[in-house]
Amino acid sequence: RGFNLEKFSRYGIGYGTMGTTYGYLIIPFYYHGQLRYYNARKVIGNGPRYNNPNKDITGLGKEFIIFNYDALEMYRSVFICEGALNALTLGDRGIATMGKAISAYQVNELLKSSCQRYIILLDPDAKRYAVNLALKLVVYKKVKVVFLPDGKDVNDLGRKQTLKLVYQTRYQSYQELVQIKNSLE
């Protein structure tokens, strides 16, 4: 996927070498510099694609986390992606909601942050989810929904090609988002 060890180590990403995390990348989730959760993503071998910690152990489910949460307080604009690896492709301003269905808690975190502009880059099968998220945010923040080519996510396109699409798309108003939503039906 084009990542290197130096970049991974900068984000505290490790690799499981035994037990239930063998063959998984271990991606930490920090809130205000404190480890709060981790995501285990299979990279070699058999098994489920994700092997995240049990809610009983952490007290948190994925609906209560945002990868790279601290970016919401550090930057005026951020990229919203589905997965942590997509967010990492975009760099320090990339955040991830851990799926296309964004929880009320996550929306609230986006709304109350000091971040002013959101660029939504969900996977192509989540166009409706992307527009619905934008409609929840646009009254309070500037929002841009960028549709990726079918069958391609941010990792597939890479940072340069994704940013080209971002720069070709302008921020949308509430009315424009409603028109986009209606065109998807």
### Hydrophobic cluster membership, Tyr11 vs Tyr15, 4.5 Å side-chain cutoff
yes

### Query
Side chains of Leu72 and Tyr118: closer than 4.5 Å at any heavy-atom pair?
yes

### Message
Membership question, hydrophobic clusters at under 4.5 Å side-chain separation (ILVMFWY): are Leu122 and Tyr105 in the same one?
### Response
yes

### Query
Do Lys42 and Asn51 have a side chain donor and acceptor closer than 3.5 Å?
no

### Query
Is any side-chain heavy atom of Leu157 less than 4.5 Å from a side-chain heavy atom of Pro149?
yes

### Query
Considering only heavy atoms from C-beta outward, does the side chain of Leu90 approach that of Val154 to under 4.5 Å?
yes

### Query
Which value, rounded to the nearest 0.5 Å, describes the distance between Lys100 atom NZ and Lys127 atom NZ?
12.5 Å

### Query
Hey, what do you get for CD (Glu176) to OH (Tyr171), rounding to the nearest 0.5 Å?
13.5 Å

Show me the donor-acceptor pairs, under 3.5 Å and distance only, between side chains in residues 20-37 and residues at least two apart or in other chains.
| residue | atom | partner | partner atom | Å |
| --- | --- | --- | --- | --- |
| Tyr24 | OH | Pro48 | O | 2.7 |
| Tyr31 | OH | Ile66 | N | 2.5 |

### Message
Determine whether Asp70 and Tyr75 satisfy the following criterion, side-chain hydrogen bond (donor to acceptor under 3.5 Å, both in side chains), listing intermediate values before the conclusion.
### Response
CA-CA 9 Å; Asp70 292 349; Tyr75 299 103; over 6 Å; no

### Query
Where do Lys152 and Asp156 come nearest, in terms of heavy atoms and distance?
CA-OD2, 3.5 Å

### Query
Hey, does the side chain of Asn52 reach the backbone of Asn39 with a donor-acceptor pair shorter than 3.5 angstrom?
no

### Query
Are any of the side-chain heavy atoms of Leu110 and Leu133 separated by less than 4.5 Å?
yes

## Note on the structure
Value for CD1 (Ile65) from OG1 (Thr97), rounded to nearest 0.5 Å, stands at 9.5 Å

### Message
Membership question, hydrophobic clusters at under 4.5 Å side-chain separation (ILVMFWY): are Val107 and Phe67 in the same one?
### Response
yes

### Query
Are Thr162 and Thr89 side-chain neighbours, meaning at least one heavy-atom pair lies under 4.5 Å?
no

### Message
Heavy-atom count check: over 12 atoms from other residues, nucleotides or ligands less than 6.0 Å from Lys181 NZ?
### Response
no

### Student check: side-chain heavy atoms of Gln172 and Val138 closer than 4.5 Å
no

### Query
Roughly how far apart are Lys144 NZ and Leu121 CG, rounded to 0.5 Å?
9.5 Å

### Query
Roughly how far apart are Leu148 CG and Gln161 CD, rounded to 0.5 Å?
10.5 Å

### Query
Partners of Lys160 by salt bridge (charged side-chain N to carboxylate O under 4.0 Å, His left out), sequence neighbours excluded?
none

### Query
How many angstroms lie between CG in Asn132 and CG in Leu137, if you round to the nearest 0.5 Å?
11.0 Å

### Task
Please report the closest heavy-atom contact between Leu165 and Thr169, naming both atoms and the distance.
O-OG1, 2.9 Å

### Tyr129 atom OH, neighbour heavy-atom count above 12 within 6.0 Å
no

### Message
Could you report the tightest heavy-atom contact between Glu63 and Gln106, atom names first, then the distance?
### Response
O-CG, 3.5 Å

### Task
Please answer: with hydrophobic residues joined when any side-chain heavy atoms are less than 4.5 Å apart, are Phe147 and Leu177 in the same cluster?
yes

Pairs of donor and acceptor atoms involving the side chains of residues 76-85, under 3.5 Å and at least two apart or interchain, shall be tabulated with distances.
| residue | atom | partner | partner atom | Å |
| --- | --- | --- | --- | --- |
| Arg76 | NH2 | Gln116 | OE1 | 3.3 |
| Ser77 | OG | Arg93 | NH1 | 2.4 |
| Glu82 | OE2 | Asp123 | N | 2.9 |

### Query
OH of Tyr174: more than 12 outside heavy atoms within 6.0 angstrom?
no

### Query
Between Asn68 and Ala96, is there a donor-acceptor pair closer than 3.5 Å when you use the side chain of the first and the backbone of the second?
no

### Query
Does Tyr140 OH have over 12 foreign heavy atoms under 6.0 Å away?
no

### Message
Please say yes or no: joined through hydrophobic side-chain contacts below 4.5 Å, possibly via intermediate residues, are Tyr69 and Ile120 part of one cluster?
### Response
yes

#### Entry: Heavy-atom side-chain proximity of Arg41 to Arg49 below 4.5 angstrom
yes

